[in-house]
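Input: a single structure, listed below in structure tokens.
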Amino acid sequence: MAYDPATIEPHWQAYWLEHQSFRAEIDPSRPKYYVLDMFPYPSGDGLHVGHPVGFTATDILARYKRMRGFNVLHPMGWDAFGLPAEQYAIKTGTHPHITTRRNIDNFRRQIRSLGFSYDWSREIDTTDPGYVKWTQWIFCRLYERGLAYQAEIPVNWCPALGTVLANEEVIDGRSEVGGYPVERVPLKQWMLRITDYAERLLTDLDDLDWPEPVKKMQREWIGRSEGARIRFAVDHHPDTEFEVFTTRPDTLFGATYLVLAPEHPLVDQITAPDQRAAAQAYILATRSKSERARLSETTSKTGVATGASARNPATGESIPIWIADYVLASYGTGAIMAVPGHDQRDFEFAKTFDLPIKEVVSGGNLEVEAHTGDGRAVHSGFLDGLPSKEAVQQMNAWLEAESVGDACVSYKLRDWLFSRQRYWGEPFPVLHHADGTTRIAADEDLPITLPELQDFRPSGDFSPPLARVTDWLEVPDPTGGPPLIRDANTMPQWAGSCWYFLRFTDPENASAPWSEAAEQYWMPVDLYVGGAEHAVLHLLYARFWHKVFYDIGLVHTKEPFQKLVNQGMILGHSYRYWDDNLSDDPHAAPTRFALSQVDLSGETATDRASGNEVREQWITPGDVFRDDDGTPKHPEDHRLVLDEVLEKMSKSRGNVISPDQIIENFGADSMRLYEMFIGPLEKAAPWSADGIKGVRRFLERVWRLLIVESPSGEESLRELSDAPSEPESRLLARTVAGVTDDIEAMRFNTAISKLMILVRDAARFESLARHSAETLTLLLAPFAPHLAEELWSRLGHADSLTQEAWPEAQRELLEEERQKIAVQVNGKRRGEIEVATGASNAEVEAAALALDAVAKHLGGRAVQKVIVVPGRIVNIVG
RNA sequence: GCCCGGGUGGCGGAAUUGGCAGACGCGCUAGACUCAGAAUCUAGUGGCCGCAAGGCCGUGCUGGUUCGAUUCCAGUCCCGGGCACCA
């Protein structure tokens, strides 16, 4: 029988499970390597082809490192709390517990069918009470340290989802999940004081081996800026003052008015009676405006004067106080000093409302625009003549001396909104007393498990579903007082993923989240692979918790993830056209439009001819009709050319490829190999049904190289010679060295191409040495482990190759004795010479000049210069 | 608008430090095997001119630096991603 993954692969998967081949135990005598995938949310759709890209990359590293003698920790688990299971429960009444269990079983089956070398004894499920217990325990530690607190704040309330969302989960005024509208509503919520760690989260990025763009995104998210707080006393309101934050204290002399955010607490107090109506109207208008609307008018400035004023401490002048929505309540102090001469936003506002513009930094043209760059201070009293940087220093010193301000640092990062009004999450281990005070649950009472529920619907009135479960909610007071009330909120999905990488080091521990010994040995994660979509959220939250653990003494490293790699997405082809069936009437006979007939420049697509709105429609790739030259056409209308789009796979486009189907048709090894061969790991690449045939053919060639079939159909190992021939040895050495380097650098696509070359050339040799066959098998093992194990076994080995030593290249064979060197005349290739490796430049030059082609292309001109690059090229200039 | 990536054959991609552009794979063409097909194997495959030898052009575009540029510099166009009143 020929190469048959359908029999080989299940056999070896069962073998690995049975022999616990990848079980990791602490072993101080060996170096450790912790390689981690971002654990998946087990969705109802099952694995998509994008998951195995990262999983295969980490598996190659895990298998390779084992063969290099490392003690490898390579675990897998489930980030199983989350909205989709709950949404499904609302729709069908199926308990999230059941859905989650079912989805996990399916994910586990799919992941196992790809032959990844996980230590399944360490499998984690964040919804497991044994895990929830420690998530809650960690919350208690945060609470004790004052890092968890409750606050009444305007939050992002999403009516459709029935929950509040963190700022990070809201994109352009819509929920990241589902794209529903979000409103700002003041609600009492749990917050985590991540801002206390802003500075460390920023500085510790420097030493991480992470992609620069990810570090940059985190830096920008934290948004550190240096400046000063300056106090302004409000005129005619004794003892009333407020602070502004500015990064340009040197421009204080140029502050000609002040602006409060509409939500600023002082607005109500200081607004003059005759401005009160206008201010109220403005504040209401701001509040009802959606984020989207506010964003779209970033160029035009609106605002209302309060009628109040305050004294500029530098000039002693009274300057007016305004309200404007271009000042954000949530950043800095929610108030600014406006310096229209040197801030473009203030400049635009001043122009709109005819406020004075004063030059205090030279070098710009204030007739045209604000001068935001540096220069020398002018019209600024004691600062005059100083360059901006020095002026900042002087002003800060003056502010402190005069007790009107301080130099300080401000961050864009806000505290983390940590509660959700949902059912399917970790309950807060918090009890509320009747008097409004709260206390955390005792450690021995953990976990606080979720009550069984029939009705999962959000209450619709900001209260969580758990608030309806009276007998769960009320806890008798041990001191005999009125019953204590449990907190009815649940934690966001991020909670479980903030520490799972630590639990993997010691997953069964019942007395602690993890043991010191396990943490000391396994942490930090040496390689963390996952999608770029987690660049800020998950990675920032997990770093934050890890730093708290560090402060408590629970971990010994400041950072959890030493090296991070983002895998690229697998894209699918999808096919679209447009029609005028806007209401989705199934009985309509709509007019269809091709891309060329449609205008996409506006907010909605329109038919160019009529200007009427048309709607995008998608054809499943399998249904697309192809005409003779391959042009994609509508299946029912062969005149309609479809627009081919390459994008992220999604259900709505019908372009999703299931790994199950690929494994069935080609095998897991082919699937793994293809996803690695398609291009660099970090780069997005389109799925190609033809491409996978190529790697499958390669695996068949490997099989036929070692396994021969008698005319009667019996298979056996081919006859192997004792010693490899010299060209064979050289080829082998080159491949071992190349593949090893490529794996270390995670260039899996080129590693596979080198294996293809080895197999192609080895097939042409008359004989093949046992050593060559075994080396090839070992090199192949991280990529196509099932086939490699099968061949290893047929090569006569009783044990699995997972712990075999990785082949070493014979260095002395890497250098050829003779080498070919290209010869150029005036930079153009005109010939080639062959010289002994290590030949002197003079020898190489002489050989090159002796070529007929060189003389011909010199055309009689004298040689002016000869450049010899040893081993590569000779360039003759003449 | 600002900040990052990235533009290389029909397609995915390769090219270590500025040194033979197009490795490897897909697809395609021809041949071998076959009654035939599939599979497999062999050869070819950037474009143009040429019977050939060979020549010219060629890494988004326009310039520059260099003996030599996919690689460095300046400008520009296109695609993808991130940020977007953060004082």
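So that the names make sense, note that chain A is the first sequence line, chain B the second, and so on, each numbered from 1.
- In this structure, A:Lys412 reaches the bases: a heavy-atom distance under 4.0 Å links it to at least one base atom across the strands shown.
- Counting only heavy atoms from C-beta outward, the side chains of A:Phe783 and A:Asp669 never approach each other to under 4.5 Å.
- B:A30 and B:A39 have their P atoms separated by 15 Å, given to the nearest Å.
- Among the heavy atoms of the strands lying under 4.0 Å from A:Gln824 is at least one base atom, whether or not backbone atoms are also near.
- At whole-Å resolution of the value, CD in A:Glu226 and P in B:A87 are 12 Å apart.
- Interface remark: the A:Asp690 side chain does not form any donor-acceptor pair with the B:C26 base, using a distance-only criterion of under 3.5 Å.
- The phosphate of B:A87 (OP1 or OP2) has no side-chain N or O of A:Tyr326 nearer than 4.0 angstrom.
- Residue-level contact check: A:Arg701 touches the backbone only, with heavy atoms under 4.0 Å from sugar-phosphate atoms and none from bases.
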Working for side chain to side chain donor-acceptor pair (under 3.5 Å), residues A:Tyr331 and A:Ser225: CA-CA 11 Å; A:Tyr331 180 73; A:Ser225 55; 3.0 Å; yes
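- Nearest-nucleotide assignment on RNA chain B puts the 5′-proximal partner with A:Ile821, out of A:Ile821 and A:Tyr411.
- OP1 or OP2 of B:C67 lies within a sub-4.0 Å distance of a side-chain N or O belonging to A:Lys865.
- Across all strands shown, nothing is found opposite B:A39 as a Watson-Crick or G-U wobble partner with both distances under 3.5 Å.
- A distance of about 11 Å separates the P atoms of B:U76 and B:C2, rounded to the whole Å.
- Base pairing of B:A21 is not made with any nucleotide, judged by Watson-Crick or G-U wobble geometry with both donor-acceptor distances under 3.5 Å.
- Look at the C1' atom in both B:U70 and B:G22: the space between them is 11 Å, to the nearest Å.
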Residue pair A:Asn566, A:Glu533: steps toward the side-chain contact (heavy atoms from CB on, under 4.5 Å) verdict: CA-CA 9 Å; A:Asn566 295 126; A:Glu533 66 273 20; over 6 Å; no
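- Note on A:Ser225: only backbone sugar-phosphate atoms sit closer than 4.0 angstrom, heavy atoms only; bases stay farther off.
- Taking the P atoms as reference points, B:C85 lies 23 Å from B:G80, given to the whole Å.
- A:Arg229 places its CZ atom 13 Å from the P atom of B:A87, with the value rounded to the nearest Å.
- What separates CH2 of A:Trp687 from P of B:C26 is a distance of 15 Å, to the nearest Å.
- Using a 4.0 Å cut-off between charged nitrogen and carboxylate oxygen, A:Glu212 and A:Lys215 count as a salt-bridge pair.
- Residue A:Arg829 contributes atom CZ, which lies 14 Å from atom C1' of B:G22 at whole-angstrom precision.
- Set against B:G19, B:G25, B:A87, the side chain of A:Met756 has B:G25 as its closest nucleotide.
- Base pairing of B:A14: no nucleotide in any strand meets the Watson-Crick or G-U wobble criterion (both distances under 3.5 Å).
- The P atoms of B:A15 and B:C72 are separated by 14 Å, rounded to the nearest whole Å.
- Across every strand in view, B:G75 sits in a pair with B:C61 that passes the Watson-Crick or G-U test at under 3.5 angstrom.
- Set against B:C24, B:G55, B:A87, the side chain of A:Leu328 has B:A87 as its closest nucleotide.
- Here the two rings, on A:Tyr326 and A:Phe349, have centers that are under 6.0 Å apart.
- Closest approach of A:Phe245 to A:Glu226, counting heavy atoms only: CZ-C, 4.3 Å.
- Between A:Gln824 and A:Ile873 the shortest side-chain heavy-atom distance falls below 4.5 Å.
- The residue A:Arg696 sits apart from the nucleic acid: no heavy atom pair falls under 4.0 Å.
- Between A:Tyr674 and A:Trp687, the ring planes lie perpendicular to each other; the angle is over 60°, past the 30° to 60° tilted range.
- As a whole-Å value, the separation of A:Phe666 CZ from B:G25 C1' is 14 Å.
- One can find a donor-acceptor pair under 3.5 Å joining the base of B:C85 and the side-chain atoms of A:Lys301.
- B:C24 atom P lies 21 Å from atom CD1 of A:Ile692, rounded to whole Å.
- A salt bridge links A:Arg219 with A:Asp206: at least one charged nitrogen is closer than 4.0 Å to a carboxylate oxygen.
- Of the candidates B:A87, B:C24, B:C67, B:A87 carries the atom nearest the A:Phe245 side chain, counting heavy atoms from C-beta on.
- Using a 4.0 Å heavy-atom distance criterion, A:Thr246 is classed as a sugar-phosphate-only contact.
- By the 4.5 Å heavy-atom criterion applied to side chains, A:Phe232 and A:Ile321 are not counted as neighbours.
- Annotation: of the two residues near RNA chain B, A:Arg830 and A:Asp346, the 5′-most nearest-nucleotide partner is A:Arg830.
- Remark: C1' of B:A69 and CG of A:Asn875 are 13 Å apart, rounded to the nearest angstrom.
- Residue A:Ile867 is classed as a base contact, given a heavy-atom separation below 4.0 Å to a base.
- Taking the side chain of A:Lys693 as heavy atoms from C-beta on, and the options B:G27, B:C85, B:A87, the nearest nucleotide is B:G27.
- For B:G9, the base adopts the syn conformation, since its glycosidic angle falls within 90 degrees of zero.
- Using Watson-Crick or G-U wobble geometry with both donor-acceptor distances under 3.5 Å, B:C48 finds its partner in B:G55.
- Spacing of P atoms, B:G55 relative to B:A43, comes out at 25 Å, to the nearest Å.
- Put simply, CE on A:Met217 is 9 Å from C1' on B:C83, counting in whole angstrom units.
- Among the protein residues, A:His342 comes within range of no part of the nucleic acid, since none of its heavy atoms lies under 4.0 Å from any strand.
- Applying the 4.0 Å criterion to OP1 and OP2 of B:C24, one finds that A:Arg760 has a side-chain N or O inside that range.
- Look at the C1' atom in both B:C77 and B:C61: the space between them is 7 Å, to the nearest Å.
- Residue contacts shown for A:Arg764 are limited to sugar-phosphate atoms, with no base heavy atom under 4.0 Å away.
- Panel note: side chain A:Asp346, backbone A:Val339; a donor-acceptor pair is recorded below 3.5 Å.
- Of all nucleotides present, only B:C4 satisfies the Watson-Crick or G-U wobble test against B:G80, with each distance under 3.5 Å.
- For A:Thr247, the side-chain atoms get nearest to B:A87 when compared with the rest of B:G19, B:A87, B:A23.
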B/S/- contact track for nucleotides 5-15 of chain B, protein heavy atom under 4.0 Å: -------BSS-
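- Ionic pairing of A:Arg829 and A:Glu832 is present here: one or more N-O contacts between side-chain nitrogen and carboxylate oxygen are shorter than 4.0 angstrom.
- With both ends at atom C1', the span from B:A69 to B:U17 equals 14 Å, rounded to whole Å.
- The side chain of A:Lys215 places no N or O atom within less than 4.0 Å of a non-bridging phosphate oxygen (OP1 or OP2) of B:C3.
- In this structure, the nucleotide among B:C26, B:A87, B:G55 sitting nearest to the side chain of A:His857 is B:G55.
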